[in-house]
Structure formats: structure tokens, C-alpha cells
Amino acid sequence: MRVALLCDVDQTVYHVGDEAIASAEREQLERRGFTVVPVSRHEKYGPGGTAPADAIDALTFPHDPQDRERYAEEIQQVLGGSDAALPAEDKLFRIREQLRGVDALVIGGGGNLNSRFGWLLLERWAMGLLAHSLGLPVVVAGQTLGPDLTAADRARLRELFAIARVVAVRDEASAALARCVGPTGSAASAVLCSSDDAAAPILDQRITGPADDAHGAGTEGRAGTGDRADTDDRAGAVRGRTLSVTLGSAAPFDEDEYVTALAGIIDRAATALDATVEFVPHMADQDDPDSGDCRINALVAARLDAPHRLAPIELAAASAARTCAADAVLTTRFHPLVFALASATPVLPIHLDRYGRVRMDGALANAGADQRSLSLEHLLADPAAVDAAIADLAHCADAPDASGPSHGAAALEAITGTWDAIADALQGRDPSAPSPSGDAPAATDTGGRSATAAAAGTRAHSPATAASGESAGTTGEPAQTAIILRTKDRPLLLDRGIQDILGQTVTDWHLVIVNDGGDTDDLTAVVDRYRDELGERITVLHNEQSRGMEAATNQGLAATRSEFVAVHDDDDVWHPRFLARTTRFLADTDDAAVSVRTHIVLERLAGEDPGVYVPYETFPVWPEMHSITLAHFIRINRMVPISLLYRRSVHDTIGLFNESLPVIGDYEFHLRLLQSMTVGFLDEPLAF
């Protein structure tokens, strides 16, 4: 069989992880007798790489949300039989003819079924539907789902899963999300995931899935450390150990803050390990030495006291081997963690946001480790946490557990079983049936990871022994911040609002949703999607009839005991660091409250689909305002609820919100606040 393999390869910006996944999945298919035809962007082929001899063009989508939604609608019309919806020269028709030359489509692994990369999600969705329209079997392999998904993208994934013979996900969070997204009456024969669950399966059968398919890349370099150049490019010092460092983009952090923080952490780690730092870029344009990770690495290296060297962007196999050959790894990117786990290399994984946390913690769980990644936000706020993490990293490097390499073997065994099942599905066999050798697909243990990983033990690959910034609500103590979300019959906006709160870089909060007279079933359906992730950090209050916005706020206040309070209406969003920046401000000052620079975002619905909101204009509110005073507010209100974080003790002095006001209750509250207390101002665009 000729199998088309869709991964994110041959791009202008070379991505080591994506290329490693593609190579590993190609090897898995070829090992089972398939001929692989890659789906290629045909932009660049990596440093020293070459173009594939036989390839299908990638169905690329525009980055602009409005344009890509329009293109998605046009493709749907073509698939419905109306070729005239697109011009005859559109790439879709060329790709359709190319797909006629293969027997199946495998949508390869990666973290791209995620709305933050909406153009990539649409590419996978459209290619899957196009292949299905030609009668080709479709498999979705090794994906992280979300965690950021719009309602429209959930619907698209439901379509894709419904036509897939197999859906494979690579972490527990993705498995939980798949259960929410998954179709009813699916034709798929299995969903492969890395954990077990008592809930009903979303598809006909659930079997254990793999760690990331690139898990074994470069592990042969673990023992070959003699190939390293043990000289410091800057000072000529010689060190016997190497600390491999891979740093991605600073977002959502300020770049200077990010560079300063990482330079400090890396210096301390290098000193503790007595190691030379080797910066290994993961994403960069091979023809631009100042692009991507290479630029960030150079900025951080310039602030180091430790001896260091800067490696260039390399092809995936060489880059992975370089990481595996190190004595320890520190990374803010996902795949260097995967490589380190496979080679039993001590690793300090630092996540920057919700997306990074989900993927890193999933990789650690798949390897049988009982740790979690560390939050950079938490490290910034707690220097002692940095010291503890570095001490654990040094301990693992000094006394490696002899059983560590078994984690790599266990993960590879799980990957092999998954690809056996995928091969069966592509050839029309039942992937849940025993293999010809009599071996059934790998089972899962009740601890939520593959049984093979569980049997491998729990070596401390990561020094992070608990979730960073864990919600205080689970200890019986009140969370630091109460977030009151008022809503009524706007499920699409509520969904986005909850995801926005989950995306905060601090987790010490409790969310109170006040359903002010709206439909309870619709609200419950939205909340249920996030129950696992929210845990004990949520309370939902239902009013049979609307009591008004201010009464809803007072209800939320009565349901919590936090130090700080924020009102987050369903149609507003925060920058991911809103809570981190504002809570730190109040902790460092005597101000009663703090407001932030706020922008208005104008949106419209894209096309006929009510689940896609597209921004078309953004502008600051009161751009001339640089402080908060009563004089400013006597004339007109200059804050909205989403802009403000305040101390709960404010209510002891000025009382609650005025429930007699049908509108402008926030304005009246602001006037009372400013008459007797000071309000600080962060001149950063943190609320929208």
C-alpha cells in the first residue's frame, strides 16, 4: 500500500520535533511494508536536507482567520460536489489528483489539533475529508488535542474523528478532550491514548497509545559523548559535563524578562552541575542565523557567566542525538524533554503556558515519571523553587538510576503496539483484535498510564515533584483570587471565557460561574468539557430568574473567601499573565486595587458558522490615561470589570455592589472605591 503521510515538514522554519515525528512515523510504516509518500510544503528541507523524490503538496491555509474560514467554506462546497466554488487553478484540485495515487492517508503526530494553530488544524481536517471523499482510509496518529479549541474547531475534529479508522492521542489531557469532542456513531475502530478511564469510550474501542512518536530519536547518541566539543566558545574553558539547553519563544512573557530569568536559572544549573552549557536550537530558518531559537539562544548566552557554546540548527536526527548525549537537559520546548526521557537523561522541563504544561506533563506521565513540569511564572515568583529544582537536577546527574533506560524501552514498546494497530486498520483488519503473533494491544493500568510504562518504574527524570502554583483550594485553604464570571445564555462566549481563565500562568484561583437565569443544560455542557482540568477550582450558581449583574457579583463574592477578587464577564478575556502581574502588584503595594491597560476588540462572526469569531479591529480604551484618580472618574467611567483586580477587604469599607442599579453598577462601585482608597495602574495591555 502507498500511504500519504501528513506531518509539518519541509517548512521555511525548520522544526526539529515535527521532522523527528515524521521520520519516526515513516519508519514505523515502512517497517510494516507500506510505501510512504510524504505530504510536503516544499519550502525548505533543513540544513543539508534534500527534497523528497515523491511527494504530495500540502493543502496550506491562510494565517488570517477571516481568509482561512472563507477557504474552509469553499473547500466544503467542493467536497459537496460544487467544483466551481474554487478557481480551477486552486491547489485543492491538484492535491485531489495526487491523492488518487495513494491508498490511504495518515495524519501524522504533533500538537497541531489546536485552535492557536488554526491554519494547521484546518489543513488536517480538510486533507482528511478530501481523502475520505476519494474512498481512502484515514488515520489520525500521535496528536495532542487542544487544549485551546473553539466551538467551530471542536465540530471539525468531530467530523475528522468520525471518518478516521483510528484516532491516536499522546497524553491524558488529549484523551479527556477527545471524549468530549468525539462523534456519536463513529465509524472509527479505535482511539489510542496513553491512559485508561472509567468513562464510556468515545469510539468503538479504546486501547493504549504511545508516547510521542519521536520518542526514540537520537537515543543512540547517549553513550557517544566523545563526539562533543568540550571547549567554551567564549572563554576557552574546558568542562567535562554538558548541560543541553533548548529555549523557545518568550511568549506570553516579556522577552527581556524571559531572557534575564532563563540566564539566571541556567547559570545556577551550570554551576551546580559543573557543566558547559550547549544551546541546541529547535526551530529556526537555516538561512537566517538570527531567526527563531538561534536568536533567543544568543540573547540568553550573552548574559551567562557560565562557559557555553551555541550549536547551529541541525537536521532532526543530529539535533536529537546532541540532546541525548548531554549529561543533563534544561528546556522550555517539548521535544527535548521527549528525547531526554527516552535516553534517561536528567531533565528540567519548564513550561510557559497551559499548552506547554499539557504536553510536558503528558510526556512525563507516559514515561512513568511521577513529576510534573515547572511553571516559569512560579519560578519567577519563588527563587527557592529554582534552587530546589536545580538541586534535584544535579542529584539525578550525579546518581542516575540504573533502571532509567527501561522507560525508553517501555515507551517504544507502546509505540510499536500502536503502529501495529494502525497497520491493521489501514489494511482493513480490526485493530483491537489480537495480532498474528497472538499479542493483544497493550493494556492500561488503573494509574492512568500504559502498563508497560508502569512496569518500568518511576525514575525521577524531572526535579519538579508537584504541580507548580497548585491551586490552594485543594488544601482546604481559600485560593488567592476569586474569579466571578457572570453569564446568561451565551455558551460560545462562556466556553471561551473558561478557556481564557485556564490559560492564566498562575493557578491559585477559584472560579465562580453565576448563571443569571440562563439555560442550565447549555451551561452544564460547557462546564463539563473542563471538569477534569478545573478540578475543585470551580463553583457554579444557578438563578432560576435573572437577578441582575450586581446581584450576580455579590452571589459570587459570598461563595468564596479569597484575598483578591476579579470579575470576568463571559465576553471578555485576559492576557495569560493578567493574574500574575496584578496579584504581584497588590502583594508589593498598599493599593486597594489595580487596573490595567485595556483594549477593545471588535469581532464578527465568520461566514455562516456561529462558532467562529474573527477580530477585525483593536484599539486601547482611554489611551491618554496613565493613572487612576477620582477626578478622572467623576466625568465618565474609565474602567470595565475585566480591567480590575481588587482586595476583598474593600467591601468591608465601602460595602457590596449596588443591586438596585440595572446598569452601570461597576461605575458606581468605582466611584465609591476611589473616594476612600488608592487604585494602582499597570500600563500594560493585559485585558480585552
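In this structure, Val9 and Val39 approach most closely via the heavy-atom pair CG2-O, 3.5 Å. Closest heavy-atom contact between Ser373 and His351: OG-ND1, 2.8 Å. Arg359 and Phe334 make their closest contact through O-CE1, 3.1 Å (heavy atoms, listed as atom of the first residue, atom of the second, distance). Closest of all the heavy-atom pairs between Cys7 and Ile21 is SG-CG2, 4.4 Å. The shortest non-hydrogen separation linking Thr242 to Ala326 is O-CB, 3.7 Å.
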*Determine, step by step, whether Arg529 and Asp495 satisfy the salt bridge (charged side-chain N to carboxylate O under 4.0 Å, His left out) criterion, reporting the C-alpha distance in whole Å, the side-chain angles of both residues, the deciding distance to 0.1 Å, and the verdict.*
CA-CA 9 Å; Arg529 294 177 193 137; Asp495 187 286; 2.5 Å; yes
_As a quick check of understanding, evaluate side chain to side chain donor-acceptor pair (under 3.5 Å) for Thr12 and Glu43, giving each step before the final call._
CA-CA 5 Å; Thr12 299; Glu43 294 169 358; 3.2 Å; yes
*Tell me, with the steps shown, if Gln98 and Arg94 meet side chain to side chain donor-acceptor pair (under 3.5 Å).*
CA-CA 6 Å; Gln98 291 173 333; Arg94 180 176 69 255; 5.1 Å; no
*Does the side chain to side chain donor-acceptor pair (under 3.5 Å) test come out yes or no for Asp171 and Asn366, once each step is laid out?*
CA-CA 7 Å; Asp171 53 68; Asn366 285 340; over 6 Å; no
_Intermediate values then yes/no, salt bridge (charged side-chain N to carboxylate O under 4.0 Å, His left out), Arg124 and Asp8_ = CA-CA 10 Å; Arg124 284 154 169 72; Asp8 292 323; 3.2 Å; yes
_Show, in sequence, the C-alpha distance, side-chain angles and deciding distance for Thr246 and His282, and conclude whether the side chain to side chain donor-acceptor pair (under 3.5 Å) test is met._
CA-CA 7 Å; Thr246 299; His282 199 73; 5.6 Å; no
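In this structure, the side chain of Arg165 engages the main chain of Ala425 through a donor-acceptor pair within 3.5 Å. Between the side chain of Asn114 and the backbone N or O of Gly146, at least one donor-acceptor pair lies under 3.5 Å. Although no hydrogens or angles enter the test, the distance criterion places no donor-acceptor pair under 3.5 Å between the side chain of Ser319 and the main chain of Ala316. Gln28 places no side-chain N or O within 3.5 Å of a backbone atom of Ala423 that could act as its donor or acceptor partner.
Judged as a salt bridge (charged side-chain N to carboxylate O under 4.0 Å, His left out), and not counting sequence neighbours, Asp288 has no contacts. The ring pair (Phe, Tyr, Trp, His ring centres under 6.0 Å) test applied to Phe117 returns Tyr355, not counting sequence neighbours. Every residue two or more places apart in sequence or in another chain that forms a salt bridge (charged side-chain N to carboxylate O under 4.0 Å, His left out) with Glu27 is listed here: Arg31. Residues meeting the ring pair (Phe, Tyr, Trp, His ring centres under 6.0 Å) test with Tyr71, sequence neighbours left out: Phe61.
Salt bridge annotation for Asp424-Arg32: absent, with no cationic side-chain nitrogen under 4.0 angstrom from a carboxylate oxygen. Using a 4.0 Å cut-off between charged side-chain N and carboxylate O, Asp353 and Arg116 make a salt bridge. A salt bridge links Glu533 with Arg357: at least one charged nitrogen is closer than 4.0 Å to a carboxylate oxygen. Salt-bridge annotation for Arg295 and Asp285: absent, with no side-chain N of the basic residue lying under 4.0 Å from a carboxylate O of the acidic one. No salt bridge links Asp57 with Arg41; every basic N to acidic carboxylate O contact stays at or beyond 4.0 Å. Taking the charged nitrogens against the carboxylate oxygens, Glu97 and Arg100 do have a contact shorter than 4.0 Å, which makes a salt bridge.
With rounding to the nearest 0.5 angstrom, the CD1 atom of Ile107 is 11.5 Å from the CG atom of Asn112.
Pairs passing the salt bridge (charged side-chain N to carboxylate O under 4.0 Å, His left out) check and including a residue from residues 77-90, sequence neighbours excluded, read Asp83-Arg96. Within the structure, the ring pair (Phe, Tyr, Trp, His ring centres under 6.0 Å) test picks out no pair touching residues 23-52 (sequence neighbours left out).
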